[in-house]
Each structure stands twice: as C-alpha cells, then as structure tokens.
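Heads up, the thing below is written out as structure tokens.
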Amino acid sequence: MALSGEHMFGYRRPVPRAPAPTILHADLDAFYASVEQLLDPGLRRRPIAVGGGVVLAASYEARAFGVSAGMSGGRARRLCPGLTIVPGHFEEYQRLGDRVIDVLRSFTPLVERVSIDEAFLDVAGALHLFGSPGDIATAVRRRVHGEIGLAISVGAARTKHLAKVASQVAKPDGVIVVPVGEEAAFLEHLPVGLMWGVGPATRARLAGAGIHSIGELAAAPGPHLERLLGRAAGGKLAALAGDVDPRRIEVGGRARSVGAQAALGRRFPTPELVRTTFGYLADRVAGRMRAAGCGGRTVTVRIRFADFRSVTRSASVRHAVSSTLTLAEMCCALAGGAMADHPGDGQITLLAVSVANLVPDATAQLELPLGLDGGHRPGSAHRSARWSVDRSVDAVRARFGHGAVGYATVALSDDGRVPDAFRRLAERRLPDS
DNA sequence: TCTGGGGTCCTAGGACCC
DNA sequence: TCTGGGGTCCTAGGACCC
C-alpha cells in the first residue's frame, strides 16, 4: 500500500467536499412497450400496447392518443384506431431489466432496485472514478442505449425524492441534474402531483385549498398542511426541498408481505367460487413462502364489491402459516365474516389475500392449525399430512414445472386474466431464511 | 368508462401491560 | 376507588407506488 503524505503525518486531512447531487434515479422509458419495439423493428415509432383484455403498458406513440395502463383493450382501440396490441414477452422484460441493473452496478454497488425498470444509485463514492453526477448519468444513459438498446431517463439530486422528481421531468429519454442549492427553484412551478406520495386524492384535496404547484405547497403554513396531508407530510416536503433525506439507498431489500389477487368480473360469491379462488391464491402465496423458507403470522383478505367498495379482514396467529390448505381455510373463514358484514347486491369483483409478519424460519412449515371456526384443532396427524401434501406438490413442481400439479383456476375467466409470467414480474423477493 | 397484479406506508382506535 | 402516562400489538381502512 502506498503511503500518502497525509498518512505519514498520522492524520487524514478533512476533505472539504462541496455537497453534490449524488443520488441518481434511473427509470426506463415505457419499458414493456419499448422492449416490444426493440424485439420487433416493425413496431418502432408506432402506437402499441402490451396486454390483452387490459392494457399493461403503452408506447409513447400510443400515449399521445390517451392510451394508458389499466385501461381496457376495447377502450384503448377506440381511442387509438391504429393501435397494435401485443401479448408481451414477460421473460424478456425480466432479462433486459436485469441487464440494465447490471450496468448500473458497474458504476456503484449502492444500487437500490425499486421495480423491474427503475432504481436509485448513490454515486458519492464513484465520483473520483467516473466524474460528476451529471457525467455518470450521461454515461449510464449512453451505455444502456448502446449495449441494450433501451431509452432510460435519469435524475440526479441530493435526495431520493428529488432525484425521482427530476427523472420524471426528464422523461422521455433525458437527464436532469438538480444542483445543490437550486432545489427550490427547480420545484417551484412543478405540479404537486409529481411529489412522491401525492396521488389523485391528495391532489384533489390540495387543489381545493388552491394549491397546485410545489412552490405553493412549500409556501403554505405548516399546520394547514398537516391538516391536509397528515403528519408525515412535513418530512416529505423537507426531503423534497433538498434537506437531509432520512431515506438512504437500501441494497437488497426484501418484501415484508406476500400477496396475490384475482379479478373475477362480476360474480356472485358462491361457496364454490370463494373456495376455488382462495385455493388458487393461497397456493401461489404459500408456495412462494415455502420456497423462501418462511411463513407469515398475519393473514388479510380483501373483497371488492361490484360498486367498487372493498373490505378487508385480517387475523394474526401465534405460529406462522405456510401450508396452502391452512392458508386457504383462513381466507375462506375471514372472507365469510366480511361478506356477512357487508350486505349489498351481493356481487363481488375481486378476491385477494396477503400475508404479513413474515418469519424467516424453515420450521414455519410446521405451523399449527388455526381454529378460526371455533376451536377445531386437528391433531398432529392432520398437520403432518398437510405438510406432506405441500412437500409433494413443491417437489413435483421443482421437477416438472409449476403447471404440473396444483389448484385448477377454472373459476377465473380466461380473457381477463393476465399471464402468470406477468404476475411474477411484480413479485418482490422474500426474506432468505 | 368502471379498472390487472404485487407491494408499501400511514392513521386511528382499542386492548393490554407496566 | 380514581387518577396518569408510555409502550406494543392488533385491526380496518385508505392512499399510493410501479
């Protein structure tokens, strides 16, 4: 190791480094649609959507017609008669998204992946190698474009929140650096909806108070804001304004809950429908937990009714659950109670289950039975029978693929359903055991 | 024109404990 | 008997994110 003069004198001179906007937010543009245009040159510069019954993503050309994610395919076609709808190459999205993240990691190990197509980076330690944050942002964009063929927008600022706002403003295919000290000027005339955490409901509330821009929001008195946005709002504003952001880059984050849901169209919740649907959902969720060697202590079901209201019911148990059958039974019991509390026209449109309080523990597979139905507690023979069934199913799947065995999904209408590959894209990694 | 799927976090009230 | 405060966990709902 070479000794510098500083080390020889036994102290390290403090480095008076000016604060730099070293947090980057990199966000691929119209990711799914761009991948399709990359794979099939015939789709380039044309309005396309990925999906089927429902639009999962739209190219910028399609967005110009008002097509957006979440919209039904029929409506999208009416808005944009020339629209091409493609089913989607979900495995390619995962593969290309991973390659982009690899490019980011070549600049710094401090990469926090937020989703399939976006990530935060802290490049404070990379400046001496690659230049200024702006240089790095530009290099990222050039490499992702050159090596993978996708457009990516990058924002650089002093905090995660502000970097994210910057990348959104930079879209499509751009870069924005917000110099330290110029945060307020950058934000002043931007709409409040660009703030992280300000969605339709909050935006409407703020508009009612005459607040439309972030500048107007910043100028509003604190107590007034707290009434409008809740107590957490102050911290958000401070982070946005470029003050110290408590949220650091988190590498390798793990999910705190696991869930699955199924849209049903409008259906009457017959015991058969409820049982088969929760069988399918519990199978997905419990299978993921067992694969990760964890279980969960809190089970929540959600039911959405035809009028779009929804109710949730949850229950916590002492011993974590990871058996498909046990989870399915809990779901049915909770859902039964929820529906009894909510008489309406009776039709439902969605069932969902989520498991939280995850316990990374292989013995979670030996969870105790629940007894939601009044203390019925089968003995250990039942328990081990369930464990054996799960083990067998997991083993068959490991050898022959997920579709080889398991719950039929006949209850779910085929046309509205999205492919399992799409579901997998959105899944966060569970805690390792 | 009613809307796919997987997540996170906040709030508020209540139970319970010390 | 009534008074007080703090902490933790649970539940339900809501808003928001990609």
Side-chain angles (χ1 to χ4, degrees), chain A residues 25 27-28 30-32 49-57 66 68-79 88 90 93 97 113-119 160-161 164 167-168 193-205 226 229-233 235-236 247 250 253-266 281 284-285 288 297-318 334 337-338 341-342 349-358 412-413 415-430:
Chain A
H25 181 254
D27 197 343
L28 287 152
F31 180 49
Y32 298 173
V50 177
V54 61
V55 172
L56 300 173
S68 64
M71 180 176 285
S72 75
R75 185 176 178 211
R77 280 184 212 279
R78 279 191 290 281
L79 285 171
F90 299 99
Y93 306 159
R113 188 173 194 171
V114 180
S115 68
I116 184 73
D117 61 352
E118 67 177 293
K160 288 168 78 172
H161 195 154
K164 174 147 176 84
S167 74
Q168 301 315 296
L194 280 179
M195 275 182 73
W196 215 358
V198 176
T202 304
R203 201 169 51 218
R205 234 176 298 148
E226 248 185 51
L229 304 180
R231 234 181 344 187
K236 272 187 211 162
R247 296 170 319 129
E250 287 177 28
R254 292 290 189 269
R256 304 165 66 85
S257 65
V258 207
Q261 63 183 58
L264 303 168
R266 295 172 74 111
L281 296 174
R284 289 195 67 89
V285 171
R288 284 183 63 198
R297 289 186 44 247
T298 302
V299 177
T300 304
V301 301
R302 186 162 75 97
I303 301 168
R304 196 176 66 195
F305 297 94
D307 62 5
F308 240 73
R309 288 175 316 146
S310 69
V311 293
T312 62
R313 285 294 179 278
S314 68
S316 297
V317 290
R318 281 245 325 253
L334 287 166
D341 294 346
H342 266 260
T349 61
L350 175 137
L351 291 175
V353 54
S354 177
V355 179
N357 276 324
L358 300 181
L412 309 171
S413 60
D415 52 335
R417 273 189 72 216
V418 297
D420 283 355
F422 173 73
R423 292 175 180 262
R424 253 174 271 129
L425 275 189
E427 292 174 355
R428 290 197 60 186
R429 290 189 60 187
L430 297 179

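Letters go in sequence order (proteins before strands), and every chain restarts at 1.
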* More 5' along DNA chain B: A:G70 or A:E427, using each one's nearest nucleotide? -> A:G70
* With a 4.0 Å cut-off on heavy atoms, is A:A352 in touch with a base, just the backbone sugar-phosphate, or nothing at all? -> nothing
* Rounded off to whole Å, could you give me the CZ-to-P distance for the A:R78 and B:dT3 pair? => 12 Å
* Grab the CG-C1' distance between A:D307 and B:dT3 for me, whole Å please. => 14 Å
* To do: Could you classify B:dC2 for me, syn or anti, using a glycosidic angle within 90° of 0 as syn?
  => syn
* Atom-to-atom span, NZ of A:K160 to C1' of B:dT8 - whole angstrom -> 12 Å
* A:E250 and A:K160 ion-paired at < 4.0 Å -> no
* To do: Starting at atom CD of A:E250, determine the distance to atom C1' of B:dC9, rounded to an integer number of angstrom.
  => 13 Å
* A:R302 and A:L350, any side-chain heavy atoms less than 4.5 Å apart -> yes
* Asked: Taking the same atom, P, in C:dC18 and in B:dT3, what whole-Å distance lies between them?
  -> 22 Å
* Structure fact -> A:S72 meets the side-chain contact (heavy atoms from CB on, under 4.5 Å) criterion, sequence neighbours left out, with A:R75
* A:A69: side-chain contact (heavy atoms from CB on, under 4.5 Å) partners, not counting sequence neighbours -> none
* Asked: Given the rule that a pair is Watson-Crick or G-U wobble with both distances under 3.5 Å, how would you write DNA chain B in dot-bracket, using | for pairs to a different strand?
  -> ....||||||||||||||
* Structure fact -> With the side chain defined as heavy atoms from C-beta on, A:R428 is closest, among B:dG5, B:dT8, B:dT1, to B:dT8
* Looking for any heavy atom pair under 4.0 Å, which part of the strands does A:R304 touch: base, sugar-phosphate only, or nothing? -> sugar-phosphate
* Could you check whether A:R424 gets within reach of a base, just the sugar-phosphate, or nothing at all, counting any heavy atom under 4.0 Å? => nothing
* Please confirm whether A:R304 makes a cation-pi placement over A:F308, using NZ or CZ under 6.0 Å from the six-membered ring centre and within 45° of the ring normal. => yes
* Within this structure, what is the CG-to-P distance between A:L264 and B:dC2, rounded to whole angstrom? -> 17 Å
* Structure fact -> To the nearest angstrom, the CE-P distance between A:M71 and B:dT1 comes to 10 Å
* Charged N-O contact under 4.0 Å between A:K164 and A:E118 -> yes
* Side-chain (A:R297) to main-chain (A:N357) donor-acceptor, under 3.5 angstrom -> no
* Taking the side chain as C-beta and beyond, is there a heavy-atom pair between A:T349 and A:F305 under 4.5 Å? -> no
* Phosphate OP1/OP2 of B:dT8: any A:R256 side-chain N/O under 4.0 Å -> no
* Structure fact -> With sequence neighbours left out, the residues meeting side-chain contact (heavy atoms from CB on, under 4.5 Å) with A:S68 are A:M71
* Asked: Under the side-chain hydrogen bond (donor to acceptor under 3.5 Å, both in side chains) test, which residues partner A:Y93, sequence neighbours left out?
  -> A:E36
* Asked: For every nucleotide of nucleotides 11-18 of chain C, 5' to 3': is a protein heavy atom under 4.0 Å from its base (B), only from its sugar-phosphate (S), or from neither (-)?
  -> SSS-SSSS
* To do: Could you tell me whether A:R297 contacts a base, only the sugar-phosphate backbone, or nothing, with contacts defined as non-hydrogen atoms closer than 4.0 Å?
  => sugar-phosphate
* Ignoring backbone atoms, establish whether A:R266 has a side-chain N or O less than 4.0 Å from OP1 or OP2 of B:dC2. => no
* Asked: What is the distance, rounded to the nearest whole Å, between atom CD of A:Q261 and atom P of B:dG7?
  -> 10 Å
* Asked: Do any side-chain nitrogens or oxygens of A:R309 fall under 4.0 Å of OP1 or OP2 in B:dC2?
  -> no
* **Rounded interatomic separation in angstrom, taking CG from A:L281 and P from B:dG6** => 8 Å
